[in-house]
Amino acid sequence: MDLSMLNPQQRLAAETLEGPVLILAGAGSGKTRALTCRVANLMDHGVPAWSILALTFTNKAAKEMKERIVQLVGDQAEDAWISTFHSTCARILRRDIEKLGYSRSFVIYDDDDQGAVLKEILKRFNIDEKFLPVREIKVKISDAKNKLMTPDEWFAKSERDYRSQMLHDVFTEYEKRLRELNALDFDDLLVKTLTLLAEHPPVLDYYRNKFRYVLVDEYQDTNYAQYMLVKLLTDHSRNLCVVGDDDQSIYGWRGADIRNILDFEKDYPDAKVIKLEQNYRSTANILDAANQVIAHNAGRKEKALWTETGEGESIKLFCAGDEREEAAWVADRIRHLYRHGEPYGNVAVLYRTNAQSRVIEEMLMRAGIPYKVFGGLKFYDRKEVRDIIAYLRVIVNPADDISLRRIINVPKRSIGETTVQELMNHARDNDMPLYSALTDMPENLSARARKCVGEFFMLMTMLVAMKEALPLTDFVKFLVEKTGLMEQYQKEDTDESRARVENIQEFMGAVEEFARGTENVTLEDYLENVALVTDMDRAEDDKGFITLMTLHSAKGLEYPTVFMVGLEEGIFPSSRSLLDENRVEEERRLCYVGITRAQKRLFISRANQRMLYNQVNHNPPSRFLDEIPERLLEDEWNQRKETTFRNAPQQNPLPRGYGSNYGMRSTPAMADLGKPKLTLGGNALGIPGVQKGFAPSQARQFASSAMQNLFKRGDRVMHRKFGEGRVVALVGSGADARIQIEFTAYGVKEFALSIAPIVKLED
């Protein structure tokens, strides 16, 4: 196989085929190319594709990897298992989960489904959600499962107080309820797979013998359960290749354990370590800043990114008075870049917390700049889409009470909440699924309720039968028509309802697209695909919008121009991290990730004061700013203030009324108007033709006339207090001349031209 397109270290990674291998791949170092070439090289050396398992974290990454390998070695690559951890586990469980007492038709619950189950349990236990929030319960349960702990094991390591006891009881009931529903949550896919492998040795032996070569991408993001899965599968072959960057380990808050990559050589003392340090993404100045920041972390493996691209532009630093001025600066810079040919799609604005986006959004709207917030309401989270999916889930798994409750009266069919509650009580009292109660109805239901429930059951029976008779695409269209899901919105004929109709049509298109790309496709296959779609898979490649996102969301992405805002202690690094050095180190890794998203230009900002969460804070500059050498920074605001307001030719103060209220000296705009610089009452005005003995009002008139010639509509200007703006009008003349300037943060303001503390900027 031709590996000439690889650099020496990438080639070494692709050619080292046997034994444990750790590839430390810095940001933008071409790790995907090295990884795909390694898989292709294994096949080129006679390794069967079906004996290769490559694990990633997103379906998008898995798809890209497989496509690249197919290009290198042809269709034989289709037999390799190249997928996410969760997809791989789901595939294993579909084959053998019956050994754990589940049906193969199990459904995978997402975050909302989990919440519905937990709310039901809290209600049954008479626990106030304010005392024990569902969000907190989900986090605790997920953390326990990632550490492979049962409810009892979790409780043994908890505070063992009253609150912990309640959490334990809810956790226990939650596990029981999921089993009754024949459902798994996202974490269960890993946990149940490990349980299956541990409790059934023949199954473990089968997969150990099958997967002779295992590769793991983004190894720094693995949690304990993923670590154990990989370890189990490779204990015999020891042909494990992991690729990752400890400097980009930023998901500790959701279970990722950086020790997995830092201790790899302890787990495998004979491991071959290969470093990919040549960066193909960013300029030398950006990489220098990233290297300097991350070097302050103690818990890391030594490496330094470098590039042959060239130094590039300096990193622009801006210190704003408040968050509105900061946002206005971002908008002004984006507008300036756009006028000079930078498409909006090339720009990303990154922040530490979602709450920071509000002011930035307001400024972008005011400036007429199109944007999209990454991580907004996702397509598969929209009500009309979730309704269709709920119907499909019940058809596949009638034991799914959560989905059945969602659709039993959607569209409205006169099955009220009282009727549903009676059916649920009857099902619980008789230890049967809610679906069974649709035919075995409680005696106290009214005749009308019985009729409506019976009609719904007949509808579902017909749909179950048609699922087997129709191809997937045709069946989904049939379901949408027969249930009236689309018709209910077509009747409303509003903007919102039309948008919902479009989303339903988009959903049917997505099913058709999935069916085209999958052989012998089934409804179960499609539901599993939807359940395992991640946020990164939903990312849109849209070049017509600025992208706003949190720093965590930006991992894996890159943009020619990046803005990082809010570099203040307590914001970034976050206030929760300041007392824990390990958490500060993770925040620093997050800063490293943010810096290395930028290809050509990086803008960084902070504010002297910031209103966030309805509180005004005066935070000192972030420690990360101090860790970037001054030689790499261009201080935009302070430098501009120096050149425009402070470093003007030193002159005596202007007469009273000439800007003394602003505490400013003569501006360069006034100072450079011409010669001779004649003195008036001890003042060097720098205004042509001003003769000794003129009254201040006469001098002001000369100044105004000269200033009117300097400015015109559309000019970019800098105001000492309000920052950058654009001239929208010049009105009046002589001493009464006034200038109107539009500021992104403050709208249009008008000033007396003769004393306005402004200077003209180059566009």
Side-chain angles (χ1 to χ4, degrees), residues 85-86 88-90 92-94 96-104 106-111 113-125 127 131-204 207 222-233 235 251-257 259-260 399-402 431 531:
F85 274 95
H86 293 91
T88 297
C89 289
I92 291 172
L93 291 172
R94 291 288 177 203
D96 286 305
I97 198 170
E98 289 169 339
K99 293 179 172 64
L100 300 180
Y102 289 80
S103 162
R104 291 184 185 181
F106 66 86
V107 293
I108 302 168
Y109 275 2
D110 64 14
D111 197 59
D113 300 317
Q114 282 181 271
V117 175
L118 289 169
K119 285 179 180 178
E120 178 188 288
I121 293 170
L122 290 178
K123 186 175 180 181
R124 191 185 310 166
F125 285 6
I127 298 174
F131 177 72
L132 202 61
V134 168
R135 181 182 179 87
E136 179 188 346
I137 301 171
K138 285 193 286 190
V139 169
K140 297 286 188 186
I141 290 176
S142 180
D143 184 58
K145 289 187 176 184
N146 286 335
K147 294 173 181 173
L148 304 179
M149 296 165 68
T150 65
D152 290 344
E153 289 169 338
W154 176 85
F155 181 70
K157 294 191 175 183
S158 71
E159 298 291 329
R160 305 185 70 160
D161 55 7
Y162 177 65
R163 185 183 182 81
S164 299
Q165 182 64 60
M166 292 178 71
L167 273 164
H168 165 268
D169 294 345
V170 171
F171 188 0
T172 303
E173 182 64 21
Y174 172 75
E175 292 292 273
K176 177 186 172 187
R177 191 75 183 104
L178 285 189
R179 183 176 286 273
E180 292 171 351
L181 296 167
N182 194 36
L184 304 181
D185 63 27
F186 219 55
D187 297 312
D188 279 333
L189 292 171
L190 287 161
V191 174
K192 300 303 180 187
T193 301
L194 283 166
T195 302
L196 176 67
L197 297 178
E199 294 181 357
H200 298 274
V203 178
L204 175 59
Y207 286 106
T222 54
N223 58 33
Y224 180 66
Q226 290 160 334
Y227 165 83
M228 286 303 300
L229 177 66
V230 171
K231 196 170 188 305
L232 269 178
L233 292 175
D235 259 355
Y251 297 122
W253 52 276
R254 70 180 189 197
D257 192 341
R259 292 175 299 180
N260 293 347
D400 185 358
D401 290 2
I402 300 300
D431 195 23

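Values reported hereafter were calculated over all heavy atoms of this structure, with side chains retained and with hydrogens, waters and symmetry mates removed.
You'll find the side chain of L167 reaches within 4.5 Å of the side chain of I137, heavy atoms only. In this structure the side chain of D400 never reaches within 4.5 angstrom of the side chain of D113, judged on heavy atoms. Within the 4.5 Å cutoff, the side chain of Y102 has heavy atoms near those of the L184 side chain.
A salt bridge does not link K123 to E120: none of the charged nitrogens lies less than 4.0 Å from a carboxylate oxygen.
Here the closest non-hydrogen pair linking S103 and N182 is N-OD1, 3.1 Å. Closest heavy-atom contact between F125 and D169: CE2-O, 3.7 Å. Closest approach of E153 and M149 over heavy atoms only: OE1-CA, 3.3 Å. Nearest heavy atom pair, residue A144 against residue F171, reads CB-CE2, 3.7 Å.
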May I have the list of side-chain donor-acceptor pairs in residues 224-231 shorter than 3.5 Å, sequence neighbours left out?
{"from": "Q226", "atom 1": "OE1", "to": "N223", "atom 2": "N", "distance (Å)": "2.8"}
{"from": "Y227", "atom 1": "OH", "to": "D267", "atom 2": "OD1", "distance (Å)": "3.4"}
{"from": "Y227", "atom 1": "OH", "to": "D267", "atom 2": "OD2", "distance (Å)": "3.0"}

Please list every donor-acceptor pair under 3.5 Å in which a side-chain atom of residues 190-202 meets a protein atom from a residue at least two apart or in another chain.
{"from": "T193", "atom 1": "OG1", "to": "L189", "atom 2": "O", "distance (Å)": "2.6"}
{"from": "T195", "atom 1": "OG1", "to": "V191", "atom 2": "O", "distance (Å)": "2.9"}

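One distance of note links CZ of R177 with CG of D401; it measures 4.5 Å at 0.5 Å rounding. Atoms NE2 and OG1, from H86 and T88 in turn, are 10.5 Å apart once rounded to the nearest 0.5 Å. Rounding to the nearest 0.5 Å gives a distance of 10.5 Å between CG of N146 and CG of D257. Rounding to the nearest 0.5 angstrom, the gap separating the CG atom in L118 from the CD atom in E173 is 10.5 Å. Separating the CD atom in Q165 from the CZ atom in F155 is a distance of 4.0 Å, to the nearest 0.5 Å.
Applying the side chain to side chain donor-acceptor pair (under 3.5 Å) definition to pairs two or more places apart or across chains, those involving residues 132-145 are D111-K138, E136-R163, S142-D187, D143-K147, K145-E175, K145-D185, K145-D188.
Heavy-atom neighbours of R259 CZ from other residues, nucleotides or ligands within 6.0 Å: at or below the threshold of 12. Residue-environment remark: CG (D152) exceeds the threshold of 12 foreign heavy atoms within 6.0 Å.
Both the sub-6.0 Å distance and the 45° axial angle are satisfied by R94 relative to the ring of F106.
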D161 and S164: side chain to side chain donor-acceptor pair (under 3.5 Å), yes or no, with the steps? CA-CA 5 Å; D161 55 7; S164 299; 2.7 Å; yes

Give the intermediate values and the outcome of side chain to side chain contact (heavy atoms under 4.5 Å, CB included) for residues Q114 and F186. CA-CA 10 Å; Q114 282 181 271; F186 219 55; 5.6 Å; no

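Ring planes of F131 and Y162: tilted class, angle from 30 to 60°.
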